[in-house]
6 protein chains.
Amino acid sequence: MLHPLTYEPIVRAALAEDLGRAGDITTDSIIPADATATARLAARKDGRVAGLDVAIAAFRTLDPAVEVAVERPDGSDVAPGGTIATVTGRARALLTAERTALNIMGRLSGIATATRALVREVEGTHARIVCTRKTTPGLRVLEKHAVRLGGGFNHRFGLDDAVLIKDNHIAVAGGIRPAVERVRANIGHMVKVEVEVDTLDQLEELLTLPVDVVLLDNMDPATLRRAVALVDGRMVTEASGNVTLGTVRAIAESGVDMISVGWLTHSAPNLDIGLDI
Amino acid sequence: MLHPLTYEPIVRAALAEDLGRAGDITTDSIIPADATATARLAARKDGRVAGLDVAIAAFRTLDPAVEVAVERPDGSDVAPGGTIATVTGRARALLTAERTALNIMGRLSGIATATRALVREVEGTHARIVCTRKTTPGLRVLEKHAVRLGGGFNHRFGLDDAVLIKDNHIAVAGGIRPAVERVRANIGHMVKVEVEVDTLDQLEELLTLPVDVVLLDNMDPATLRRAVALVDGRMVTEASGNVTLGTVRAIAESGVDMISVGWLTHSAPNLDIGLDI
Amino acid sequence: MLHPLTYEPIVRAALAEDLGRAGDITTDSIIPADATATARLAARKDGRVAGLDVAIAAFRTLDPAVEVAVERPDGSDVAPGGTIATVTGRARALLTAERTALNIMGRLSGIATATRALVREVEGTHARIVCTRKTTPGLRVLEKHAVRLGGGFNHRFGLDDAVLIKDNHIAVAGGIRPAVERVRANIGHMVKVEVEVDTLDQLEELLTLPVDVVLLDNMDPATLRRAVALVDGRMVTEASGNVTLGTVRAIAESGVDMISVGWLTHSAPNLDIGLDI
Amino acid sequence: MLHPLTYEPIVRAALAEDLGRAGDITTDSIIPADATATARLAARKDGRVAGLDVAIAAFRTLDPAVEVAVERPDGSDVAPGGTIATVTGRARALLTAERTALNIMGRLSGIATATRALVREVEGTHARIVCTRKTTPGLRVLEKHAVRLGGGFNHRFGLDDAVLIKDNHIAVAGGIRPAVERVRANIGHMVKVEVEVDTLDQLEELLTLPVDVVLLDNMDPATLRRAVALVDGRMVTEASGNVTLGTVRAIAESGVDMISVGWLTHSAPNLDIGLDI
Amino acid sequence: MLHPLTYEPIVRAALAEDLGRAGDITTDSIIPADATATARLAARKDGRVAGLDVAIAAFRTLDPAVEVAVERPDGSDVAPGGTIATVTGRARALLTAERTALNIMGRLSGIATATRALVREVEGTHARIVCTRKTTPGLRVLEKHAVRLGGGFNHRFGLDDAVLIKDNHIAVAGGIRPAVERVRANIGHMVKVEVEVDTLDQLEELLTLPVDVVLLDNMDPATLRRAVALVDGRMVTEASGNVTLGTVRAIAESGVDMISVGWLTHSAPNLDIGLDI
Amino acid sequence: MLHPLTYEPIVRAALAEDLGRAGDITTDSIIPADATATARLAARKDGRVAGLDVAIAAFRTLDPAVEVAVERPDGSDVAPGGTIATVTGRARALLTAERTALNIMGRLSGIATATRALVREVEGTHARIVCTRKTTPGLRVLEKHAVRLGGGFNHRFGLDDAVLIKDNHIAVAGGIRPAVERVRANIGHMVKVEVEVDTLDQLEELLTLPVDVVLLDNMDPATLRRAVALVDGRMVTEASGNVTLGTVRAIAESGVDMISVGWLTHSAPNLDIGLDI
């Protein structure tokens, strides 16, 4: 659940970034201050809606009396041309906030739509699609929320809420065991520990240690299948690397629990959404 | 030119977003506080470098004594595997700032690389590639900078630094002429005025008015060519709509001055950049 | 148009600056929390009203239920003793916000009043009165708004929304031509270019270059008249330097398009406005 | 003493206000990044220097390596054409920060110069010149500092550091005595209490109460003299109202301890200071 | 009187600190978004209520429609099990804001309760209980408010609203007299001056100087009594050092005006308050 | 590890809170700007040092050239009178930052000292001492750090980094099982789940569910022992409620893994630390 406390500062900063110092000099010159209008937020392409609440906050920030009729709330599917919501209020507010609202919704809906596509691909398997920390600076909370709206799940939100031991950590520590031991000696009991392995040999060593999740990095589906068998339910298994719409099904069928995908949040194309007045 | 005054708050906010409350609990548990390391920022794919200064600021924020040897500064081309820079400092700082630095550089270099591709396509023509206001909330200045590093130019930075009269404005004003007149009566003398037209009829009306730039929206190359002939140098011409690597050459050859492209900043995929320690 | 998004942070900061840590210890000690009062915002001298919306925001911040009856909105003229607005609400809120509200309105109305005086002086001529970047740190948007309410127009709002090439730039570039060329090679197509000249010789060189506005600095009316004739409508002309109520008419009659005045925003005396309870 | 902690945020905000999103597009287009220059901060008119440290911070923010040779530090007198300081550093930094530095120094030096004039007028008398809370929103600390540099003293800094009971408070409380009693029952023992009186009758009543300072508002010099005699050293006396360069001497000769002047901080004209490169 | 302007930023920051990036994942997973509930704020121990307005702001920030029935407002006494207020609103908001609200109220009520205990001990004497600057970073205004709600009074709020000359200042100045003289030459007329003395000899020297308050540090009751006799009403007397519930009565009976207590704000234990749904 | 990025804003806000608008008027009036001094941070009582880095940052903020010789770094034990560090720099900076530095260090060292006492009590047992979310608003990161310096461990840092299902959640969900199921369906795979139980019956139900940690609330040592036996290593066990120096040993000897203590962070008295110049 996104609190306004979380997204309102982002909306206000985005509006301020667009208004600059002099404000919307086009709209303010042409549109009378008391003119009202109704605008339709509509998808130009098929997709999953995300960020509508945030977009509405953009309009409300400029006109607190804006009225919104939501047809497809966050998490709904929308067809090309489908109306997402209708917004009625001061015409100036609608025109001035338009770009900010669309920039946010387009990005978040793009992420939700890409997530939905991967989730549909793995339907029927055991695997969950999860995102990473490869997010846009300042928007992580919103982007992780969009992944959930697309049917995915969230990996850790930052460096502080879970442990992920990678190759560099292992190299400096002098091995997987000492790395895990140092972590166990320092962290609290509410923190999960994941370790990245590249080979089945590393995995076998790992299975003797108190670890919650294993990250199987860049393994092909056959290797993943052997890894899953080796783990045999003793840890959560997560696959990463080279995940596309074309490969995700085979990865999922290896039996892994989680498939993490960086490009969901850093390279999913915006969903094309327009505002028709 | 990007001032640290501009990007340091973005870097600090991005680091804080990733550090959360407890900081990098993996690195702090495993890596000794006084360990030092050297890391190589390297491209995994061919591209144009952008955001290196900002990425360096991320490392410097955690370790002010970090030393950086730059091989390919902002605006350089880099081949797959090519080293962009080498960073030496406290190992904890390098590992903790890694994701923040890469998230920023990956996004900005992705934009610069996409811009470069379009610019190369139109080489030899008159046309300049320009970006729009379809940017990521909070990152507009950085993303517009990346477009310039890719060889493109910037359209207006916000609603306040230039006038762009669109169809909605014209509809409320009751025509192009009254819209332009209201704008001229209100704005300062240092502000340019652009008007969007969809047809050549609209263009003819526009040519009788004091306008600096005409936005020719969603016209095919043949229509664009006729529009350019009609304008005959009396205004700057800008084409938009349906611009891809496949279409941009034909659009440019119509003789337009500017080609504006929204997806450069909202949907260009990240450039894959890694940090090897 | 000023958005609350723009001025509310200024109002809140100004109130916080005055409240300090312990708040209004005089009013809180003496006035019961539930006492209400009506206060009249009245001009002590003749002037043009500016900043009323901002002042009202100061009262509303301390008492959201304040009711305001506006008699002379922003942009109106007011005679000595004339009521600008009547404010009804909690007595503590009125007394505590009084100084903040008056400090803002006094300053902005002072600027609007000074602008009005210059505008009246040039009535019947072609010239517009415009302000500069010589504004109070933190208040530029408000002060530029006050100039518009006084009947003036705005020059650029900052270093980024238009180009103004001054003598120092020309000196480093090695001449007007290379300076203009470097600018043209770098800036976007929505940005206007102005160049400052001190002599008619410089002006003649300038007229061969792609420049939108010429700043005729510190020229007497006779020279300005010759400059206007030389330009002959090919550029917008702007005069600056030594503009006072006594000189502005003669400058305007030279035929220049714009007269820019620094002291409007940095040295116009406050309009004396009081709050009578 | 002004701490950088106090003025750096003001300087950074002022620079950001001027740089906007795209920065100094004129300077960045024309001046090479590695060009250096020396600039001379010089007064165009006679005055008292204030705000030099703050102005230097503006240059340092853009170029931390700037070197400054101060000739006339804050609090010095400067003649027309006199050099205040010489600044050497990157040419871009000097040109870009110029307006911000001058806007701050011009305003503060204007206040210091006006204060100096009043202080000189009352030389040889007992009276101190003090400022009020009629300051520019956001700049109170700087403006009060400028008053001290001009030889004046500060009245209270806000609503919370001292009590000032005015006519409105007295009216609601039902008299001077109950107002003073309510204050005494509520405030701490480190807070001074001042009461405004308009007549000698009010003053006589006041003299029976535990009050530290009396504000004699809008009294002519003869009445002030009688008031001072009445008080006879039992309270500090402060005169306010109609204080100009022409009237201040007579007011001071009445024997009052303090003369408070609102226009020092809200309407003193800027001191004209330039930057010669 | 605490303005929302003062405490709302503290509340929002506290909520943001607790919500982190992902929000209340327990409550959001389990409690339906539209479920409502009523919660009772109740004391587990006997005490004095403080911070209720601030706690309510925590609930309101997450659910603006929350309704509150206050039984024991700030400044009331509450018995173990006594209801302070009843809060009705969205169940998620109540559960999510619970800890923030209780952390604030528990701390402030703890301070008020400890103050009340000291105030009751000195009942019938002349002495007032006052707090110091030994407060929690960021919460000084709230903690000083809690002291007042407990029946105490406030010493200065910071380094800027009153002078307190301590032994280190005296040592550098070369004596009490030069220290006081330097202060008198620099400060405004609305500022009180206090000097700390450790012996009666120092006190005798001090009595010849223009000082408002004397801080009698670490003197036993007998010495305090002699000090009060020496001062004989010429200054306000303040005792500090070794003030406990066991010693405060004897200190007060020495006749001092003020007793200042650091631990009220830095070490008073929280009042145990719970939220029962 | 605490990053300056984390604590510098807290330090700057704390200094600003103490400096107010006019700064340290006592020190600035008396101490010459160029005077230097050496100050000794010394404990008045036996304790564990915490917050030294943060305190040093307070001095450095006012005088970047301050030199510090650390004798007992964070995490060291100090005896009454023992020197923690020696600070040399501008005398004004030392005196002005003193209270801010001591307020922070006193609070954090108080928490570390209290934690140390509990940790020592349970020495030889299996149990770890952990803190809760009952922290001071704005200081949670620092206070949790102090607990670690005292030898304790951290429970979750907020509502978002781990799940803790309490009685209210269970009541609304209609039982422990549906509550756990809803959580499992929503949260990511890197998040641990804890459930609070009050009785052994509840515990038995819980043991059939996928839960990581059980919170045994308010059970006496005998019941705890039976609970630990029941769990038999299948979950982490945590005891809470009525934990004091007198009871903690018996609780630990029950065999629980964790003992959580709210008062460590909300009611531990400050460690008395002084600054001797």
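Just so it is clear: chains get the letters A, B, ... in the order the sequence lines come, proteins before strands, and each one is counted from 1.
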Option that, when pairs with chain A are counted at under 4.5 Å, heavy atom only, ranks first among F:Arg156, F:His155, F:Arg128 = F:His155

In terms of heavy-atom contacts, A:Asp217 and A:Gly241 come closest through OD1-N, 4.4 Å

Would you find a donor on one side and an acceptor on the other, under 3.5 Å apart, between the side chain of A:Arg177 and the backbone of A:Leu209?
-> no

Salt-bridge criterion met for A:Glu253 and A:Arg225 (N-O under 4.0 Å) | no

Of the listed F:Val236, F:Val191, F:Asp212, F:Asp257, the one with the largest count of heavy-atom pairs under 4.5 Å with chain A is F:Val191

Heavy-atom distance under 4.5 Å to chain A: side chain of F:Leu164, backbone, both or neither?
-> neither

Turns out that what part of A:Asn154 lies under 4.5 Å from chain F's heavy atoms comes down to backbone

Are the side chain of F:Asp74 and the backbone N or O of F:Gly51 linked by a donor-acceptor pair below 3.5 Å?
-> yes

Nearest non-hydrogen partners of F:Val197 and F:Met219, listed with the distance | O-CE, 3.9 Å

Using non-hydrogen atoms and a 4.5 Å limit, figure out which bit of A:Asn186 sits close to chain F: side chain, backbone, both or neither.
-> backbone

